[in-house]
Amino acid sequence: MKNTSKRNPWAWIPTLYFAQGLPYVAVMTISVIMYKRLGISNTDIALYTGWLYLPWVIKPFWSPFVDIIRTKRWWTLTMQWIIAFALAGIAFTIPTPFFFQLTLAIFWLVGFTSATHDIAADGFYMLALTEHEQSLYVGIRSTFYRVATVAGQGLLVIVAGLIETNSGLAPLNISVNADPAVEWSAPVLDAVYSAEADVDGELQFITPQSNMTMSVSTPDEVTATVDGKETVMPFAAYAALMRDSVKHMNERNGFVAAEVKAADAGTKAVKEDGPSGFTTWVKETFGENREPYTARNNNFAIVGVRLNRQPAAGEEIVLNVTHKSGDQSIKLEQNALSTRFVFNESNWDKPAYLFYEADHKLTTATEARFEGASGNIPMAWLVVFAVLSAFFFVVAAYHSWALPRPASDGQNEAGTTASSIMREFFDTFKTFFRKPQAWTAIAFMLLYRLPEAQLVKLINPFLLDPIDKGGLGLTTGQVGIVYGTVGIIGLTIGGIIGGIVAAKGGLKKWLWPMAWSMSLTCLTFVYLSYATEPSLFTINVCVFIEQFGYGFGFTAYMLYLIYFSEGKHKTAHYAICTGFMALGMMLPGMAAGWLQETIGYRHFFIWTMICCAATIGICAFLKIDPNFGRKTDK
């Protein structure tokens with residue numbers, strides 16, 4: 001007989017959803033950082049890791065098997081054990097000659113295993129908790145999933161960085177100061193040759209620009225030498241020329257491998273014919289009347305680095321430079337240029353160049369510090385994935401005890417044949433679309449977040465774009481605080497409070513307040529787009545309100561997905577619902593950028609308010625049991 005004893009949800013929900021978030025971060029984010037540090041080209045990273053998202057896209061198609069075969073508890077625990085062994089496999093294949101192919105294959109395994117774990121864990125959540133408890137803990141599970149993403153992208157990368165820093169040469173420290181009061185001056189590329197080098201001392205990196213100050217302002221035009229001739233060019237062209245020069249010099253001196261890009265002649269042959277007739281009509285009919293935007297350029301600085309003496313024959317020293325602390329409005333260019341340099345006996349006395357940019361919107365002097373580490377990079381990432389693997393071994397063992405055994409989790413456990421499994425497989429999709437109000441539910445999944453699906457794509461650009469382009473003109477560092485910190489706090493608090501109140505009153509009671517919360521808080525961006533230079537405090541308050549409203553309103557969305565999934569195939573049906581949820585965010589988001597560029601920020605935010613009618617309107621057609629999610633007296 002099954003043990004149906006009740007386990008306190010706090011004993012397993014936080015750890016379960018923390019474990020759910022970590023593999024996703026490992027596959028989608030940590031893998032990219034690791035490959036970059038290990039010297040894989042941007043082309044290969046973008047090509048191969050971009051496909052790793054596929055398992056989460058297509059997971060609804062195999063969700064019926066999770067629902068039909070064995071229990072959700074079995075699937076959850078089995079996937080955690082597989083992930084533990086797979087992460088160990090990544091750790092121990094990193095030092096091998098064919099690490100890229102081997103780790104990539106295992107990342108694919110982790111991706112499909114993690115997506116399957118998502119299906120099983122979400123299904124188990126619905127089976128192990130009462131409707132009231134599902135409402136109460138919906139914000140808690142989202143919070144610990146977000147904590148996992150922060151831990152994965154932050155703490156684990158920091159661990160790798162610490163190992164790199166402490167296992168190689170003395171760290172290279174560079175402090176870059178950006179000051180609006182400083183006059184612009186052209187970068188001096190040969191400054192590194194003037195650095196004093198102790199050729200008999202301990203091997204180390206040297207630069208005469210370890211503490212440099214750069215201007216924020218830039219001239220309109222610059223006189224530069226091109227092909228032996230002095231040429232007057234716009235500053236933007238000059239900056240692009242210098243960036244290309246840095247790239248070519250680093251490649252020519254052997255610090256960076258030249259990337260071979262796929263032929264794009266067909267793309268280049270396509271001529272720009274200007275906006276379409278429809279775009280022109282939309283712009284003329286609904287667009288803002290705004291003065292033409294005058295672009296301003298970010299200033300740049302170039303820092304040269306070299307070794308003080310020749311390394312041993314055959315020895316390679318890899319230098320990785322990253323942002324250590326300070327204002328992120330001063331950034332190290334990494335999109336077009338590499339920040340990973342390989343020094344050896346033939347190029348040690350040549351300079352490897354770093355390219356820095358300062359946000360032109362800075363109005364006060366600020367500083368950022370960068371660190372170059374040259375330690376054992378494979379060992380650093382081996383440790384990271386070994387730690388991840390150890391965590392999953394521990395969490396799988398813990399969940400073997402902590403996860404309850406609900407009586408309802410086992411209805412498909414025995415007596416299945418190949419024919420019955422396939423019959424159940426197709427029956428899962430058939431019963432989903434035959435549910436009462438199925439098409440209304442699908443419309444709800446697609447339309448409830450219609451305003452936010454468009455808004456979320458343009459929040460960061462709106463905060464960053466200069467005032468004369470319709471934005472708020474914040475620096476990169478300010479946006480990191482406003483949206484990356486204050487916004488996340490508002491989103492998390494809103495979700496937690498939403499779960500608490502829904503658990504008291506039920507989904508039906510709180511559906512309308514949550515729908516209005518998600519809708520009306522969008523007005524904060526309408527206000528910001530019309531406000532005259534709002535203060536940073538006002539911007540923080542508005543972003544907090546909007547994100548709080550979204551987190552609060554999103555609770556109703558998640559609870560309705562759980563409500564609609566109730567029934568025989570609830571696990572598979574919930575996975576199908578999440579597919580429609582992703583589609584509802586993807587499609588509107590694809591058109592949001594075009595629409596904003598066509599009609600401007602002010603009218604775009606007004607449009608999102610108009611779209612709130614879809615959020616409110618679709619709620620009027622939903623039929624929900626008044627007792628769903630509400631605590632009832634026993």
Side-chain angles (χ1 to χ4, degrees), residues 4-21 72-73 76 118-149 398-399 402-409 444-445 448-449 488-518 547-567 570-571 573-575 577-578 581 619 622 624-634:
T4 59
S5 60
K6 190 71 175 176
R7 186 82 69 189
N8 190 323
W10 279 105
W12 58 272
I13 289 178
T15 54
L16 179 63
Y17 280 91
F18 187 85
Q20 187 180 105
K72 314 307 173 293
R73 189 180 189 277
T76 301
D118 291 357
I119 298 169
D122 290 337
F124 184 80
Y125 178 88
M126 292 185 286
L127 292 170
L129 300 178
T130 65
E131 293 175 1
H132 165 69
E133 290 172 328
Q134 291 174 31
S135 300
L136 180 61
Y137 289 97
V138 70
I140 303 301
R141 78 181 214 178
S142 299
T143 296
F144 278 90
Y145 187 92
R146 294 190 192 103
V147 170
T149 62
Y398 171 73
H399 283 155
L403 293 185
R405 299 176 184 269
S408 58
D409 187 20
F444 175 82
M445 297 171 203
Y448 183 75
R449 293 196 295 172
I488 291 295
I489 293 172
L491 182 68
T492 302
I493 294 175
I496 292 174
I497 293 177
I500 293 172
V501 299
K504 290 184 176 181
L507 172 60
K508 184 177 179 65
K509 176 180 178 179
W510 283 98
L511 175 64
W512 286 104
M514 289 179 176
W516 281 110
S517 171
M518 179 171 281
Q547 287 293 287
F548 176 90
Y550 174 61
F552 186 76
F554 185 63
T555 303
Y557 188 81
M558 294 301 294
L559 286 177
Y560 182 78
L561 264 57
I562 293 172
Y563 173 76
F564 184 75
S565 302
E566 288 293 324
K570 64 171 64 179
T571 298
H573 287 177
Y574 185 83
C577 287
T578 61
M581 176 175 70
C619 291
L622 297 181
I624 301 172
D625 183 349
N627 293 318
F628 178 79
R630 187 173 63 183
K631 186 174 184 179
T632 55
D633 296 330
K634 294 183 180 181

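Just so you know, these numbers come straight off a predicted model, no measurement behind them.
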Inset, instruction - Taking the six-membered ring for Trp and the single ring otherwise, decide whether the centroids of W12 and F124 are under 6.0 Å apart. - result: yes

Legend entry - Centroid separation F18 to F144 less than 6.0 Å: no

Legend entry - Interatomic spacing from CE in M126 to OG in S408 - rounded to 0.5 Å: 10.5 Å

Legend entry - Closest non-hydrogen atom pair between C577 and M445, with its separation: SG-CE, 3.3 Å

Legend entry - Non-hydrogen side-chain atoms of F552 and I497 separated by less than 4.5 Å: yes

Legend entry - Any side-chain heavy-atom pair of Y557 and Y550 under 4.5 Å: no

Inset, instruction - Of all the heavy-atom pairs spanning G553 and M518, show the shortest one and how long it is. - result: C-CE, 3.7 Å

Legend entry - Pair T15, H399: side-chain N/O donor-acceptor within cut-off below 3.5 Å: yes

Inset, instruction - Could you tell me whether the side chain of Y563 reaches within less than 4.5 Å of the side chain of D625, counting heavy atoms only? - result: yes

Inset, instruction - Indicate whether any N or O donor in one side chain lies under 3.5 Å from an N or O acceptor in the other, for Y574 and D118. - result: no

Legend entry - Minimum heavy-atom distance T555-G494, with the two atoms named: OG1-O, 4.4 Å

Inset, instruction - Please answer whether the main-chain N or O of P513 pairs with a side-chain N or O of S517 as donor and acceptor at a distance below 3.5 Å. - result: no

Legend entry - Euclidean distance, I140 CD1 relative to I500 CD1, rounded to 0.5 Å: 6.5 Å

Inset, instruction - Work out which heavy atom in L129 is nearest to a heavy atom in P9; give both atom names and the distance. - result: CD2-CG, 3.8 Å

Inset, instruction - Classify the ring geometry between Y125 and Y17 as parallel (under 30°), tilted (30 to 60°) or perpendicular (over 60°). - result: perpendicular

Legend entry - Distance in Å, Q134 CD paired with M558 CE, rounded so as to fall on 0.5 Å steps: 11.0 Å

Inset, instruction - Please assess V501 against M514 for the test side-chain contact (heavy atoms from CB on, under 4.5 Å), listing each intermediate value before the final yes or no. - result: CA-CA 10 Å; V501 299; M514 289 179 176; 3.9 Å; yes

Inset, instruction - Output yes when a side-chain donor or acceptor of R7 lies under 3.5 Å from a complementary backbone atom of A402, and no otherwise. - result: yes

Inset, instruction - Might you point out which heavy atoms bring T76 and A121 nearest each other, and give the distance in Å? - result: OG1-N, 3.7 Å

Inset, instruction - Go through the steps to decide whether I489 and Q547 satisfy the test side-chain contact (heavy atoms from CB on, under 4.5 Å), and finish with yes or no. - result: CA-CA 8 Å; I489 293 172; Q547 287 293 287; over 6 Å; no

Inset, instruction - Decide yes or no for L127 and K570: does some side-chain heavy atom of the first lie under 4.5 Å from some side-chain heavy atom of the second? - result: yes

Inset, instruction - List the atom of K72, the atom of G123, and the distance in Å for their closest heavy-atom pair. - result: CG-C, 4.3 Å

Inset, instruction - First locate atom NE2 of H132, then atom CG of N627, and finally report the distance between them rounded to the nearest 0.5 Å. - result: 13.0 Å

Inset, instruction - Would you indicate whether the side-chain heavy atoms of D122 and Q20 approach each other to under 4.5 Å? - result: yes

Inset, instruction - Taking the six-membered ring for Trp and the full ring for Phe, Tyr or His, determine whether the centres of F444 and Y560 are under 6.0 Å apart. - result: yes

Legend entry - Separation between CD1 of I496 and OH of Y137, rounded to the nearest 0.5 Å: 12.5 Å

Legend entry - Approximate separation, where rounding is to 0.5 Å, of L561 CG and Y448 OH: 11.5 Å

Inset, instruction - Measure the shortest side-chain to side-chain distance between M581 and T578 over non-hydrogen atoms and say whether it is less than 4.5 angstrom. - result: yes

Legend entry - Backbone N/O of I13 and side chain of R141: donor-acceptor pair under 3.5 Å: no

